[in-house]
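Note on naming: letters A, B, ... go to the chains in the order of the sequence lines (proteins, then strands), and numbering restarts at 1 for each one.
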Amino acid sequence: MTDSKHEEANEEHNVHVSSSNDVATSTSASALIVSATDKAGMEGIDRTKIDAIILRESGNSNFMKQQRKRDAAVDERIAKMKKRLDDHMQQNGGPQAWEDAERRMQPEIDRLIKKRKRLSTCVVVDMDAFYMSCELLSRPDLNDKPAVVGGGMILTSNYVARKYGVRSAMAGWIADKLVEELSNGKEKLVHVPSNFDLYTKKAHEVRSVLGEYDPKMRAYSLDEAYLDLEPYLSLRLGRGLKHEEVVAALSAAEQSTIDEEEEDEDIEGEKDDGDSKPSAENKDASLDYLSPDAALKATTTIVDEMRQKVFEATGGLTCSAGLANNFMLSKIASDLNKPNGQCIVGPTNKEILNFLRPMKVRKIGGIGRVTEKTLNAFGIKTVQELYDHRTLVQFIFAKQATANFLLQRSVGWSNSDLNSKDEEEESMGQKGISKERTFRAGRTWGEVNSKLEEIAVALSGAMLRKNLFAHTITLKVKLATFDVLSRAKSMARGVYIQSSQEMIPIVSKILSDLKKEHKGAFNVRLLGIRCSNFKEETDSRQKQLDAFLVKKPESIPPAPTAPDTVSFPKRSDVHDEDETNQTREQNLALSPYHQKTVGTSSPPVRRHVSSPRPSKATAAVSLPADEAVCPICSKVIPGDNDNLNRHVDACLNAGTVAKLVGESNKEVDQRPSKKRRVLEDFFA
DNA sequence: ATACATACC
DNA sequence: TACTGGTATGTAT
């Protein structure tokens with residue numbers, strides 16, 4: 001629910017929503033409870049007991065009431081969809097349209113199947129119980145007590161806590177109750193406050209290993225990354241290079257790609273013996289000779305090595321991996337042998353379908369609780385059924401994009417190319433930025449308003465750091481009832497804002513209007529502000545300035561937070577039953593590769609991690625590593641990012657320049673590619 | 001363009 | 001005693 005997704009995202013793939021059996025109409029309270037099926041360690045404690053406690057403790061909370069309300073709304077929508085479908089089929093053209101749709105889909109299906117990547121080189125790496133595992137490195141004593149990371153909301157739990165049904169996304173007080181009751185008061189749940197600096201540091205250790213295998217690796221969160229091993233494989237196997245040589249070659253190739261983009265010139269030279277100058281052309285060709293079987297074996301071994309290196313580089317953190325010929329499949333596979341395991345899905349259509357067909361549709365990334373429920377209501381629970389009822393699906397989901405997405409997934413097709421994703425996302429840039437804050441309901445109106453201002457200042461600071469100017473601002477309010485309201489306001493044409501001074505009057509007005517128009521108590525528990533519709537940046541000179549202003553030289557790419565679950569290094573062999581699901585777990589031996597590529601010019605690894613690149617034609621102008629220039633007052637600010645941020649906030653609060661910025665920004669520039677920009681004037 | 005929902009980690 | 005936060009995108013109007 002709020003998020004069974006948290007669990008699902010982790011290795012608890014046995015998690016289910018208890019309502020899923022009951023097609024279409026469950027609104028019962030139990031429908032809202034998510035619980036774990038018996039994983040190892042659950043013996044002795046009854047799952048129904050866990051469910052009962054959760055229900056008793058939280059069943060009457062405002063939160064749960066809201067959940068039930070939403071659940072009812074979903075049921076209502078499903079009912080409407082059914083009716084619409086019936087009506088459609090009653091019409092004259094109905095049945096005919098059905099057949100037409102069926103016929104139209106077939107070529108698309110064939111096309112997708114033909115398009116599959118030849119080898120299973122797409123890898124999803126997922127850290128095991130990441131936050132908790134990080135903590136356990138320095139707190140081994142917590143291994144035998146029930147412990148979690150997080151207070152009010154649990155981010156991750158250790159193995160002992162999971163025995164009591166404690167899992168991520170659970171409210172802290174419920175978790176406490178579970179442990180207390182189920183241990184008959186003998187145990188008490190330990191809460192470890194989250195320490196994101198630590199997790200970020202560990203994540204970078206992980207990424208520096210993964211980046212050796214694919215410099216284009218994408219980090220989706222602190223604990224999860226996507227890689228394509230094809231270039232690595234073609235050098236290691238096709239060219240017979242050693243790991244270190246491959247790493248050097250990949251990194252050189254990546255570097256030269258970047259330099260090309262940046263219109264720089266030669267870089268190569270002594271990176272490696274002139275031999276290893278790989279790059280795009282030879283990588284596709286060089287694996288052609290490799291049989292799928294041999295490739296599976298080799299890839300499995302290499303990913304095992306890679307995970308071993310992650311273990312070593314992090315001082316003992318384990319991860320799991322999934323391998324397949326696209327990322328949808330790898331993602332599912334990465335979950336199957338958690339913790340500390342991996343799973344490879346063979347590249348043939350037959351293997352893919354055997355792997356996928358029995359899966360619950362919920363396993364598919366992008367299908368959440370609601371979509372699952374909707375599909376279930378139409379008799380679709382597994383991927384097999386999703387495929388069998390593909391025509392029905394076309395009719396249920398009005399939006400073609402959605403129906404198409406489901407069709408693709410039902411035949412096991414998804415993106416397998418990190419680069420294309422790269423371009424898509426990168427060319428589009430960030431779409432919005434927001435800050436929100438939950439607090440205890442029942443504040444005075446004055447307090448609520450000052451919260452709002454705090455949020456505006458924080459958001460403004462973040463926008464300043466990223467040099468973003470927004471055309472639209474949205475206020476989000478969550479009431480004590482958990483009802484969520486939002487109101488957006490767009491500026492006049494060509495007007496963009498960034499400073500908190502500009503935001504505050506707008507959102508304050510929206511807030512008071514909302515309060516007026518809302519019937520019933522207006523007891524606020526959360527406020528959020530979102531800014532979107534950013535001003536386009538098209539001028540490359542401007543971009544250089546932006547890079548100068550915004551980029552602190554080696555600032556680490558910020559990664560969104562992510563929770564996790566279970567822990568437990570049990571490098572055991574695996575539940576590898578069915579023939580399609582080849583789980584290996586093997587050669588623990590190996591890895592003569594311990595030390596790294598010498599001077600390690602591995603910065604390129606980071607480039608692709610998460611933050612939007614300044615983009616082409618922009619060489620980041622460098623500053624001394626521990627200085628930055630305040631874009632407001634132009635002073636050089638020594639110290640780290642925090643220091644800069646503090647200064648910038650102070651500057652903003654001083655209000656002086658903010659006013660200036662605001663003024664000039666209000667000038668109308670009708671064309672998207674207008675050069676004039678405020679800050680440019682400051683620095684030109 | 002706006003409101004609200006869904007999904008993801 | 002009290003169920004997160006940040007971002008993107010879909011759906012409906």
Side-chain angles (χ1 to χ4, degrees), chain A residues 1-10 32 54 57-58 60-67 70 73-74 77 80-81 126-127 130-131 150-156 168-177 194 196 199 219-225 331 362 364-374 397-402 405 424-425 428-442 455 458-459 462 471-478 480 482-491 510 514 525-533 558-565 610 612:
Chain A
M1 326 261 17
T2 302
D3 234 345
S4 53
K5 211 44 211 174
H6 269 309
E7 287 100 334
E8 205 278 336
N10 305 313
L32 299 158
I54 294 174
E57 290 303 316
S58 68
N60 273 325
S61 64
N62 284 336
F63 178 78
M64 272 305 177
K65 282 179 193 154
Q66 185 62 32
Q67 291 306 313
R70 277 200 227 159
V74 170
R77 241 177 354 143
K80 265 191 202 143
M81 290 167 100
D126 197 291
M127 299 303 294
F130 186 51
Y131 302 163
M153 176 68 63
I154 284 154
L155 299 176
T156 277
S168 43
M170 182 176 275
W173 55 279
I174 296 175
D176 293 339
K177 261 290 195 298
S194 61
F196 280 87
Y199 315 145
Y220 269 36
S221 63
L222 287 179
D223 83 326
E224 197 180 329
K331 176 69 170 112
R362 184 61 192 277
I364 298 170
I367 298 186
R369 187 197 132 247
V370 172
T371 310
E372 179 190 41
K373 186 171 189 194
T374 306
F397 295 91
K399 287 285 183 229
Q400 190 54 44
T402 307
F405 164 85
E424 261 171 51
E425 282 166 23
M428 314 252 286
Q430 187 171 15
K431 304 283 193 304
I433 185 170
S434 61
K435 291 259 181 256
E436 62 185 58
R437 205 82 204 148
T438 296
F439 42 86
R440 279 218 285 279
I455 294 166
L459 179 61
H471 182 62
T472 304
I473 185 166
T474 306
L475 175 73
K476 173 177 171 183
V477 177
K478 183 144 66 180
F482 286 84
D483 284 313
V484 178
L485 311 169
S486 73
R487 289 292 178 274
K489 182 156 177 52
S490 292
M491 308 299 108
I510 298 177
L514 256 185
R525 91 185 306 277
L526 170 148
L527 285 174
I529 305 176
R530 176 174 182 80
C531 282
S532 53
N533 283 342
T561 75
D564 207 331
T565 3
S610 85

Does [X] make a side-chain N or O approach to OP1 or OP2 of [N] shorter than 4.0 Å?
X	N	value
Gln430(A)	dT7(C)	yes
Ser61(A)	dA2(C)	no
Lys431(A)	dT9(C)	yes
Arg487(A)	dC4(B)	yes
Arg525(A)	dC3(C)	yes
Lys331(A)	dC9(B)	yes
Ser434(A)	dG6(C)	no
Thr474(A)	dA3(B)	no
Thr472(A)	dA1(B)	no

Between [N] ([atom2]) and [X] ([atom1]): distance, integer Å:
X	N	atom1	atom2	result
Phe196(A)	dG6(C)	CZ	C1'	12 Å
Arg70(A)	dT6(B)	CZ	P	7 Å
Phe482(A)	dC3(C)	CZ	C1'	5 Å
Leu222(A)	dG5(C)	CG	P	17 Å

Query - 5' priority, DNA chain C, between Phe397(A) and Leu526(A) [closest heavy atom] - result: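 Going by which nucleotide is closer to the 5' end, it is Leu526(A).
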
Query raised in the report: DNA chain C: Ala401(A) or Ala480(A), which has the more 5' nearest nucleotide?
Result: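 With Ala401(A) and Ala480(A) compared, the 5'-side residue is Ala480(A).
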
**Report entry** No-H, no-angle donor-acceptor pair, Ser58(A) side chain to dC3(C) base, under 3.5 Å
**Finding:**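 Answer yes: a donor N or O sits under 3.5 Å from an acceptor.
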
Query raised in the report: Which of these nucleotides, dA5(B), dT9(C), dC9(B), is closest to any side-chain atom of Arg530(A)?
Result: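 Closest nucleotide among those given: dT9(C).
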
Report task. Report the nucleotide, chosen from dG5(C), dA2(C), dT2(B), that has the shortest atom-to-atom distance to any side-chain atom of Ser490(A). Result ->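 Of all the options, the side chain of Ser490(A) is nearest to dT2(B).
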
Requested in this report: Flag yes if more than 12 heavy atoms outside Lys177(A) fall under 6.0 Å of its NZ atom; otherwise flag no.
Outcome: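 Atom NZ in Lys177(A) is not crowded, with 12 or fewer foreign heavy atoms closer than 6.0 Å.
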
Requested in this report: Under the salt bridge (charged side-chain N to carboxylate O under 4.0 Å, His left out) rule, collect the residues that match up with Lys476(A), sequence neighbours excluded.
Outcome: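 Lys476(A) satisfies salt bridge (charged side-chain N to carboxylate O under 4.0 Å, His left out) with Glu436(A) once adjacent residues are dropped.
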
Query raised in the report: Starting at the 5' end of DNA chain B, which residue's closest nucleotide do you reach first, Leu485(A) or His471(A)?
Result: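 Final value for this comparison: His471(A).
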
Query raised in the report: Which whole number of Å gives the distance between the P atom of dT4(C) and that of dA5(B)?
Result: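 Their P atoms lie roughly 16 Å apart.
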
